[in-house]
Amino acid sequence: MGRITLNDIRKRFGTTEVIHGVDLEVGEGELVVFVGPSGCGKSTLLRLIAGLDQPTSGTIEIDGRDVTRVSAADRGLAMVFQSYALYPHMTVQQNLSFGLQNTKMARDEVGRRVSEAARMLEIEPLLERRPTQLSGGQRQRVAIGRAIVREPAAFLLDEPLSNLDAELRVTMRAELAQLHDRLTTTMIYVTHDQVEAMTLADRIVVLRHGRIEQVATPLDLFNRPANLFVAGFIGAPNMNLFTATAQDGQAALPGGLAVPVPRNGPCTIGIRPQHLHPAEADASALEGRVTLVEALGTETVVHFRTADGTDVITVMAGQPGIRLGDTIRLAPDPGQIHLFDADGDRMDNNV
Amino acid sequence: MAALPAKLGVVVTAPLVLLARAVDPPLRWWQRMAGQGGMAAVFLLPNLAIFGVFVLFPLALNFVYSTTAGTDILLQGRSFVGGAQYARLLECRDYLDPLTCREDTFWTAAANTLVFVVLQVTMMVVVSTITALILNREIRARGFFRAVFFFPVLLSPVVVGLIWRWILQRQGLLNLVMVSLGLEPEVWLNDRTYAFAATIGVSVWAHMGFYTLILLAGLQAIPKDLYEAAEMDGTRPARVFWRITLPLLGPNLAVVLVLALIRGVQIFDEVYVLTGGGPGTSTLYLTQYIYEVGFASVLRNPGLAAAASILMGLVLVVLTLCQLWLSRRGEAKGAK
Ligand SMILES: Nc1ncnc2c1ncn2[C@@H]1O[C@H](COP(=O)(O)OP(=O)(O)O)[C@@H](O)[C@H]1O
Ligand SMILES: [Mg+2]
């Protein structure tokens, strides 16, 4: 239960197309995260799956059944809205049972499901309250509870944590992960926050301008970004990107560091800040003056500028005692260099 | 291009700036004299004075008049009679039959007003709710229809009365149409039932735009995703209306209900122009009774009219208190 397939989904609002042909397969019980910058079409795609909007073309299947023209209610999915969309005039109890009462479900069954969800989410003491009498985190739980009681084939969550403060967001994130482990129901989770995506997802779908840029597990996405956009979007601080022109199978980084490149021509070399380390004294290296030091205690983020004016970021473990204006010399781990061709697509440097 | 509006702005604001500079020193001086709290009084005083002269003073004067008798309009020519005018209004042999009362026209007008208000307000709430629901949907030319329904609110009540008299009178537009369709013409405004219905219909037509607007604002304040959540759950449209739309529209409906009640009790202008209270006394409402007793009849009785208006005022005060209570309760519920 809960296998969702999208076939060449397109969506136009008026004359502007915002989803340009999306193909995707979400497996049973999988937690898939849609991530991408604001306005890239994450919510639109989720609403198309939910049945709240109709695709302009393409088909949607749930467990092999074509549901493209099936109403939202009959798709067997439950949605958690960014604003929670709780009914303000109903108590928590009524909010949880309202949807079930539409379906002529037996009273006992409604009561059983509501109390089970309330117990699971630890909101039993709140059942008689109204949404306005709840804190943000409590509302969030009720919104999730309203989805759980429907025992859906899949949960759809649109930026469910974005209205919470940073601390609560971390707690709720962990709880959502536990909930998914316990329920083993398919979840599609939308966020613009890459940390949420990396920590929650079985697989991440990176979207940009209504297109899928890459679908992969979090670590694959980090280790082998398919293109420049994904490389820049995933990982914090952002990957250092150097443009260069490869000649005779080599491209030069600022400071004279040479990187082997399989193809000649313009290319981009990417190095994550975490993968730069102090260079040997006589080897060629990225050399620059420190322009900013962000000491976070467990690690230190150092910004520096090379002689030709390129800004580079590095992350060092612990508190290395580097000061503004110091000169540092760094070299990348040889196996951790990403190469991208002129179109921004990944070149495999292992070949 | 951008330079012109900027210059225009300077020209427009220059007089205001000069004005502000001119009033600034005296206001500063005043604040030094009166202190922060005293300044509030300084700003409130002009409005309070106007309110006092045109509302509070007449109110008190009206009460004084209600304790006097005579036909003279000036207080010096009137004699003090205490509560006699009230007693006269309230004196009945059988309180279930207006005709046994000493001031039977007062009771007829009161009974008419009661029936009118109950029917008119019910119709007003139902019609403006339905109109607001329709105008809130994504229909074509929505803006145009919103304007159409609001337009009568802009008309003077006298114009409203004249328009409908022109339509409903014996030689009016409606009869013209009926005759041309081969139907018998009808004496709409000379039939007790038709005339009564006409006063209800016309006043609903004239005021519903205002109430529709209040309800439309309420409907638009209901978040869209509540409806989407209901849609995900497969809630039937009727259930969505009764369980989501109506409860969330509650505060607006309460405002509409009470405003319509208050304005219903005060009904006068349109009806006076349309039917003049007739035929007979079938569309005679309280305000017209007061006007006629106090000013228009041959043997005018300002004291009696004043007493009647005080009684009517008491009803309005009760209705207003109901409104305050309802809106407080609504707020308390939201805050809890
Ligand atoms: N109902 C709509 N009408 C017109 N344009 C829309 C509508 N909904 C979304 N869009 C457009 O589609 C694009 C994607 O929006 P959305 O899916 O909400 O982005 P995201 O959730 O990724 O931030 C945006 O450019 C937005 O302006
Ligand atoms: Mg969104």
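What you see is a predicted model; the values in this text were computed from it and never measured. In what follows, chains are A, B, ... by sequence order, proteins preceding strands, each numbered from 1. The analysis underlying the following values was restricted to heavy atoms, covering all of them including side chains, and did not include hydrogens, waters or symmetry mates.
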Under 4.5 Å from any heavy atom of chain B - which part of [X]:
X      : answer
Q82(A) : neither
F81(A) : side chain
Y84(A) : neither
R47(A) : side chain

Sequence neighbours left out, cut at 3.5 Å: what donor-acceptor pairs do the side chains of residues 119-127 of chain B make with other protein atoms?
from, atom 1, to, atom 2, distance (Å)
Q120(B), NE2, S203(B), OG, 3.0
T122(B), OG1, V118(B), O, 2.5

Revision key, fill the gap. Among residues 226-243 of chain B, those lying within the under-4.5 Å heavy-atom range of chain A are L226(B), E228(B), A229(B), A230(B), E231(B), M232(B), D233(B), G234(B), T235(B), R236(B), R239(B), R243(B)
Check your understanding: Does anything in residues 205-220 of chain B get under 4.5 Å of chain A by heavy atoms, and if so which residues?
Key -> none
Review point. Is E124(A) atom CD crowded by more than 12 heavy atoms from other residues, nucleotides or ligands, each under 6.0 Å away?
Key: yes
Check your understanding: N102(A), L52(A), L86(A), V80(A): which one forms the most heavy-atom pairs within less than 4.5 Å of chain B?
Key -> N102(A)
Check your understanding: If you check every heavy atom in residues 138-165 of chain A against those of chain B, which residues fall under 4.5 Å?
Key -> R146(A), R150(A)
Exercise for review: Please report the C-alpha distance between F98(A) and I244(B) in whole Å, then the side-chain angles of each, then the deciding distance to 0.1 Å, and finally whether the side chain to side chain contact (heavy atoms under 4.5 Å, CB included) criterion is met.
Suggested key: CA-CA 10 Å; F98(A) 184 78; I244(B) 298 174; 4.1 Å; yes
